[in-house]
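Right, one structure below, let's go through it.
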Amino acid sequence: MHKPELTMAILQAKQETLKHKHKLEDCNKLPHVGCFKNSNKNADDNNSLGVAVNAVAPSQSVPTRITVVCCGIDGAYYPKLHEVVCLCPSCKGRTPHVSLSKWEAHTGCRQKKWKVSVRLKDSSQTLTSWLQSMTDNGAAGLAYQVYSQEQVLKAYLQLPYEPVAVKWTLERCAVCGWVEDYDYNQMLVCNSCQIAVHEECYGVRASETGTSFICRACESPGETRQCCLCPVQGGALKPSVVPDVWVHVYCAWFVKGVFFQDIKKMEPADGILSMDLSKFKQECVICKQYHGACISCEECETTFHATCALRAGYRMEVSTVAGQYESKKVSYCARHRAPAENGRIVIPALEAELLRQENLAREMLEADEQANAEQDSSATSSNRYEDDISTPCSLISEYSSENFMSGLEDEGCEYSRLYVYSEHSNRRAGKRESVPHLTGGFTHHNLKQVLKLRHVSDTPKALTIEERLINLDKTQGSRICIGKSAIHDWGLFARRDIEQGEMVVEYRGEIVRRSVADMREKRYKKEGKDCYLFKVSDEIVIDATVKGNIARLINHSCDPNCFARIIPVKRAGNTCIILIAKRNVMAGEELTYDYLFDPENRTVPCHCGAPNCRKFIC
Ligand SMILES: C[S@@+](CC[C@H](N)C(=O)[O-])C[C@H]1O[C@@H](n2cnc3c(N)ncnc32)[C@H](O)[C@@H]1O
């Protein structure tokens, strides 16, 4: 039997499963893994790799019979029938042909696994391995053929299915789903397909790719890569050890048995060939398809694809185990855990740490207020900000025992805003190594939100980043406007509701070198002009003072609702700065960003009014 026949045989097996499923539907129950398992017992003795063949073609190459042994008892195996005649002293070959399982039991063997217990006489080779070598050599006429797991897997993948279109946004990491990025774990955007991934989530380093990041799936243009574990198109794909077989990093995280050989590079994915292929026979309750490998709810046997669960907003948890790279991943169906609004992969340890830091920040603030009150009488103040900066970013940084704020402006430069990231030499030098899987997690909206965000049925072609920027510019007027701010003079406001992760506005201006920016700043000050300088890196600054857009009016908040992302573009300067909503913003709310100035300066008082206000913007 060649591959198309193997596919047919699997198709038949699936049809059997479907028939069984229809019976199940009569009793109005959700698909039940156990039942599907049972329904697949028909093939032969639970072996997912063996395919029983009904039609027997006469052939010279297959012997009529071979002698096999099980538990010390001889038997005559008939390859064209896939049956045995027992040669034990009492049967002496006079009993009828029986199946291998029956004969195994008859010999007194308790293994209940003829594939292991039945061997060729005077050889250590198992009957299964003999059948497999015969199959591999193209022997015709075997009643039972054994295929390698790779052949069976590929045959499964060839079965027809409905690919699921998903809109992968460049604001949200296609692996963990978080929208934030950090200087030590930047978000990279593939120049070709525009999926966004955190460095750690995808196992790449920004220092190695610069602004020309191309995801692994896009390395060979013209070839369409598809995850073998789910029907979802696109996303953060990685190759596996099996040629031409790819997986989503997300699927690999959640499908048991699949792992990455190199956990830092997150590739190649391994374990697929030793997986229990019955997972490929389970129906996903979300997409209602059998393609790929399902995972199941921690509390019940409801099965679904990992990426479908992501689309549906199911709760997916990644718990890190102290001192170990490997983390425990669990998922829950909608019935067993309510999908949390704006949730993401839940990382209990990180959430607990964030909560702890939040409490700490509150305590610090209270202590600071008290110190300020005392300052009125004693004219001395405490300088707590040197020790702790309670911005959302610094919380994450502190979680990693790092201080996000180091490496900011030199003395004398008071750029009025917007720091994106800086290189941290000590961090890069590997003082503390990044641990993959510790980053963020998927945001799981409720299903309605997810469908709104991600389905692209009306978008035939993915837009390039350049097209999206043009679109962002065109739609700007309906999304944002300027207004009088309660924080400072003029500010930027949301004109309509803006969803978390949505691009808000491009920060435009002249891209200048740091030295030029320093000179300009002094000149602007002398001329009494407000200066609008946005520091992109130690070397590059965007000057929006003379040639800028509306984005330059965004005020600072210590609890901002926007953050900035540098995105590679194919145009002068090669990069652009996009302000992205950090959380859902309501129409009428002022849009803010954390300028992230060095808290030691403490020269310009902050009026953001946030509970965690650091009191000075610089
Ligand atoms: C780029 S401007 C922002 C737009 C500014 N509101 C305007 O009307 O031109 C930055 C300046 O706004 C002021 N500013 C922004 N955020 C502030 C805050 N939270 N508290 C006090 N002043 C703020 C500071 O003077 C800062 O240098």
Side-chain angles (χ1 to χ4, degrees), residues 361 365 368-369 372 385 389-394 405 408-420 476 479-495 504-512 514 517-536 540-564 566 576-583 585 588-618:
L365 194 72
D368 215 38
E369 268 162 11
N372 278 350
Y385 292 106
I389 304 132
S390 51
T391 67
C393 287
S394 69
M405 303 295 277
L408 282 170
E409 274 310 326
D410 285 343
E411 233 175 88
C413 293
E414 292 172 5
Y415 296 145
S416 43
R417 62 166 62 207
L418 304 184
Y419 168 79
V420 181
Q476 185 174 290
R479 194 170 44 252
I480 52 171
C481 58
I482 56 168
K484 268 290 181 189
S485 162
I487 297 176
H488 176 268
D489 209 3
W490 292 95
L492 203 60
F493 288 78
R495 205 165 181 162
V504 175
V505 64
E506 181 185 349
Y507 189 96
R508 295 238 197 91
E510 282 178 271
I511 299 175
V512 292
R514 165 82 176 268
D518 290 349
M519 274 167 25
R520 285 190 183 184
E521 187 186 12
K522 280 178 198 150
R523 179 158 54 85
Y524 293 148
K525 273 191 176 170
K526 224 165 140 188
E527 292 169 0
K529 265 190 195 161
D530 284 336
C531 63
Y532 301 86
L533 297 167
F534 184 115
K535 184 182 169 192
V536 174
I540 303 293
V541 175
I542 296 189
D543 181 2
T545 312
V546 181
K547 296 175 187 169
N549 66 342
I550 184 175
R552 68 182 198 160
L553 287 180
I554 194 165
N555 279 318
H556 160 90
S557 170
C558 299
D559 182 18
N561 51 23
C562 291
F563 65 96
I566 304 173
C576 71
I577 311 279
I578 304 291
L579 293 169
I580 294 168
K582 199 176 160 98
R583 56 169 170 80
V585 181
E589 254 188 84
E590 175 162 6
L591 295 159
T592 53
Y593 175 81
D594 191 339
Y595 289 6
L596 291 171
F597 274 110
D598 189 340
E600 281 179 32
N601 282 343
R602 298 172 72 102
T603 49
V604 181
C606 179
H607 303 303
C608 75
N612 62 335
C613 178
R614 302 193 295 269
K615 304 216 169 155
F616 293 92
I617 62 168
C618 58

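Remember, it's 1-based here, ligands and their atoms both numbered in the order they're listed.
- Under a 4.0 angstrom heavy-atom cut-off, I554 registers as being in contact with ligand 1.
- Listed here is the closest heavy atom pair of R508 and A544: O-CB, 3.4 Å.
- Taking a cut-off of under 4.0 Å to the non-hydrogen atoms of P605, the atoms of ligand 1 that pass are 20 (N), 21 (C).
- Side-chain atoms of S485 and N555 form a donor-acceptor pair, as typed in the model, at a separation below 3.5 Å.
- The residues R495 and E589 are annotated as not salt-bridged, no charged nitrogen and carboxylate oxygen being separated by less than 4.0 angstrom.
- Considering backbone and side-chain atoms together, S557 places no N or O closer than 3.5 Å to any N or O of ligand 1.
- Between Y507 and F534, the ring planes lie tilted relative to each other; the angle falls in the 30° to 60° range.
- Among Y593, Y532, Y595, the residue whose heavy atom lies closest to atom 11 (C) of ligand 1 is Y595.
- Taking a 4.0 Å cut-off on heavy atoms, C558 fails to register as neighbouring ligand 1.
- Of the options I482, N555, L533, T545, the smallest heavy-atom separation from atom 3 (C) of ligand 1 is shown by N555.
- For S557 and D559, the side-chain atoms include no donor-acceptor pair closer than 3.5 Å.
- Comparing H488, E590, K484 against atom 12 (O) of ligand 1, the shortest heavy-atom distance belongs to H488.
- By heavy-atom distance, the residue among W490, F534, F616 lying nearest atom 6 (N) of ligand 1 is W490.
- A distance-only check finds no donor-acceptor pair linking the side chain of N561 to the backbone of A581 [under 3.5 Å].
- Under the 4.0 Å criterion applied to side-chain N and carboxylate O atoms, R614 and D594 are assigned as salt-bridge partners.
- Put simply, part of I487 is less than 4.0 Å from ligand 1, judged by heavy atoms.
- Applying side-chain contact (heavy atoms from CB on, under 4.5 Å) to Y532 and the options T545, I554, V546 leaves one that passes, T545.
- At least one heavy atom of C606 sits less than 4.0 Å from an atom of ligand 1.
- The backbone and the side chain of L553 each have at least one atom closer than 4.0 Å to an atom of ligand 1 (non-hydrogen atoms only).
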